[in-house]
Each structure stands twice: as C-alpha cells, then as structure tokens.
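So the structure is just underneath, and the comments pick up after that.
From a predicted model like this one, the values you see are computed outputs, not experimental measurements.
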Amino acid sequence: MKIQFLSLLFLCTLYSFSQEIQSKRKFDVAFAPGIICQGNMYNELNLTIGKVSTENWTVGIVGWRIGMESNFKNNNEFIIAPKVGYDISMTYFTIRLSAVNYFQNSKSEFRILPELGISLGGSFCLTYGYGINLNNATISGLANHRIGLSFNINKQLNNAF
C-alpha cells in the first residue's frame with residue numbers, strides 16, 4: 001500500500017510541476033495510473049506518448065503506451081509485468097492493443113492483450129480485455145479476462161472539460 005501511495009504522490013508532483021507549453025508540439029505525454037481486476041487486483045503505471053486532441057467533439061489521446069503492472073504482493077505471489085502497446089482513447093471510447101510479459105519468480109508468461117471500453121474525454125477509461133497467452137505458460141492468480149480503470153493525466157485533456 002505504501003508503494004501505491006508513493007507512486008500516486010510522485011505522479012501528482014510531476015503533474016503539478018509540469019510546464020504548459022503553448023507552441024505546437026510533435027507529441028504529447030500523459031501519465032496513466034490505473035487499477036486492474038484480473039483474478040486478483042493489480043496496479044498499473046503507464047506513460048502514453050502520442051497526440052492529444054481537444055478540438056470540437058474529439059477530445060482524447062492517441063499514441064504508444066509503455067508501462068508496467070504489478071500485484072505488489074510479497075514473496076512467491078509477487079507478479080510484475082512490463083508492457084508496450086497502442087492506445088486510442090477518444091471522446092466516448094477506448095481501444096488498446098498491448099503486449100505484456102508477466103513474471104513470477106522463475107516463470108514467464110507472454111500475452112497479447114486487446115482491450116475495448118468506454119472513455120470520458122480520454123481522461124477516464126473503463127476497459128474490458130482478454131489476455132491471449134502465446135507461450136502456454138500458467139502463472140497462478142492470473143486470469144485471462146480483465147476489467148481495468150485508468151486515468152490519463154495531461155493538462156490539455158483536463159482543460160478540455
């Protein structure tokens with residue numbers, strides 16, 4: 001719980017001290033913490049690098065997403081998973097495709113993870129995903145179906161509301 005709190009505090013600090021740039025940027029960055037229910041509870045921390053749109057009826061972010069997820073449990077039950085993917089989180093919908101590699105002790109499980117869900121202006125995303133296991137490994141406490149809630153923290157997205 002301390003690690004989760006410190007991670008959230010760190011993200012809020014980065015967000016508060018970030019500078020707003022008025023010039024045209026080639027890409028935008030959003031911090032994306034979240035919670036996942038996938039057999040057990042997992043936390044995720046992502047960085048989305050892409051383009052934020054705040055024009056007319058299209059508010060959201062589209063781009064590459066890198067990050068990690070973990071259950072933050074002790075000893076033999078600890079799972080950590082680096083991931084990379086592509087994210088489209090626009091006005092009312094979210095579509096993601098990720099490659100995730102779960103590690104638990106000496107076990108490794110690689111999955112392709114398509115997700116589909118609803119979005120509130122690209123800032124809040126509720127998704128359903130199904131992990132497709134590619135190496136037939138099984139890690140205990142890891143289900144194929146998942147529900148995730150994530151937040152894209154970016155000044156442009158927040159100002160669009």
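- Between R65 and S89, the side chains place no donor N or O within less than 3.5 Å of an acceptor N or O (distance only, hydrogens not considered).
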Notebook entry, point to check: Would N159 and T54 count as a side chain to side chain contact (heavy atoms under 4.5 Å, CB included) if you check the C-alpha gap in whole Å, the side-chain angles of each, and the deciding distance to 0.1 Å?
Noted result: CA-CA 9 Å; N159 291 339; T54 58; over 6 Å; no
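- Within the 4.5 Å cutoff, side-chain heavy atoms of F103 are placed close to those of P82.
- Looking at P114 and I132, their side chains come closer than 4.5 Å, going by heavy atoms from C-beta outward.
- Follow the hydrophobic side-chain contacts under 4.5 Å out from F78 and you never reach M41; the two are in separate clusters.
- Cluster annotation: M68 and Y102 are assigned to distinct hydrophobic clusters (Ile/Leu/Val/Met/Phe/Trp/Tyr, side-chain heavy-atom contacts under 4.5 Å, transitive).
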Notebook entry, point to check: What do the steps show when you test S123 against N158 for side chain to side chain contact (heavy atoms under 4.5 Å, CB included), and what is the final call?
Noted result: CA-CA 7 Å; S123 292; N158 292 346; 3.9 Å; yes
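- Ionic pairing of R111 and E109 is present here: one or more N-O contacts between side-chain nitrogen and carboxylate oxygen are shorter than 4.0 angstrom.
- Residues S150 and E44 share a closest heavy-atom pair of CB-OE2, 3.7 Å.
- N46 CG to I66 CD1: the interatomic distance, rounded to the nearest 0.5 Å, is 8.5 Å.
- Taking the ring-ring contact (aromatic ring centres under 6.0 Å, His included) definition, one finds that Y130 meets it with H145, sequence neighbours left out.
- The two residues L113 and G129 make their nearest non-hydrogen contact at CD1-C, 4.2 Å.
- In the hydrophobic clustering of this structure, Y86 groups with M90; members are Ile, Leu, Val, Met, Phe, Trp, Tyr whose side-chain heavy atoms approach within less than 4.5 Å, directly or through other members.
- Here the side chains of K73 and I79 are not in contact, with every heavy-atom distance at 4.5 Å or above.
- The minimum heavy-atom distance between N76 and Q104, with the atom names listed, is O-NE2, 3.2 Å.
- If you chain together hydrophobic residues whose side chains sit under 4.5 Å apart, I35 and F151 never meet in one group.
- Considering every non-hydrogen atom in both N43 and F72, the closest pair reads ND2-CD1, 3.6 Å.
- In terms of heavy-atom proximity, N154 sits nearest to V29 at ND2-O, 2.7 Å.
- Taking a 6.0 Å sphere around OH of Y92, one finds it holds 12 or fewer heavy atoms contributed by other residues, nucleotides or ligands.
- The shortest distance between side-chain heavy atoms of V59 and L157 falls below 4.5 Å.
- The distance from atom CZ of F124 to atom CG of L149, rounded to the nearest 0.5 Å, is 9.0 Å.
- Between N152 and A32, the shortest heavy-atom contact is OD1-CB, 3.3 Å.
- In this structure, CG on L126 lies 6.5 Å from CD1 on I147, to the nearest 0.5 angstrom.
- Atom CG of residue D28 and atom NZ of residue K51 lie 4.5 Å apart, to the nearest 0.5 angstrom.
- The cluster map of Ile, Leu, Val, Met, Phe, Trp and Tyr, joined by side-chain heavy atoms under 4.5 Å apart, puts F31 and I49 in the same cluster.
- Residues N101 and S108 bring a donor and an acceptor atom of their side chains to less than 3.5 Å of each other.
- Of the inter-residue distances, the one linking I88 atom CD1 with T94 atom OG1 reads 9.5 Å to the nearest 0.5 angstrom.
- Residues L142 and Y42 have side chains in contact (heavy-atom distance under 4.5 Å, counting atoms from C-beta outward).
- Between the CZ atom of R96 and the CD atom of E115 there is a distance of 5.5 Å, given to the nearest 0.5 Å.
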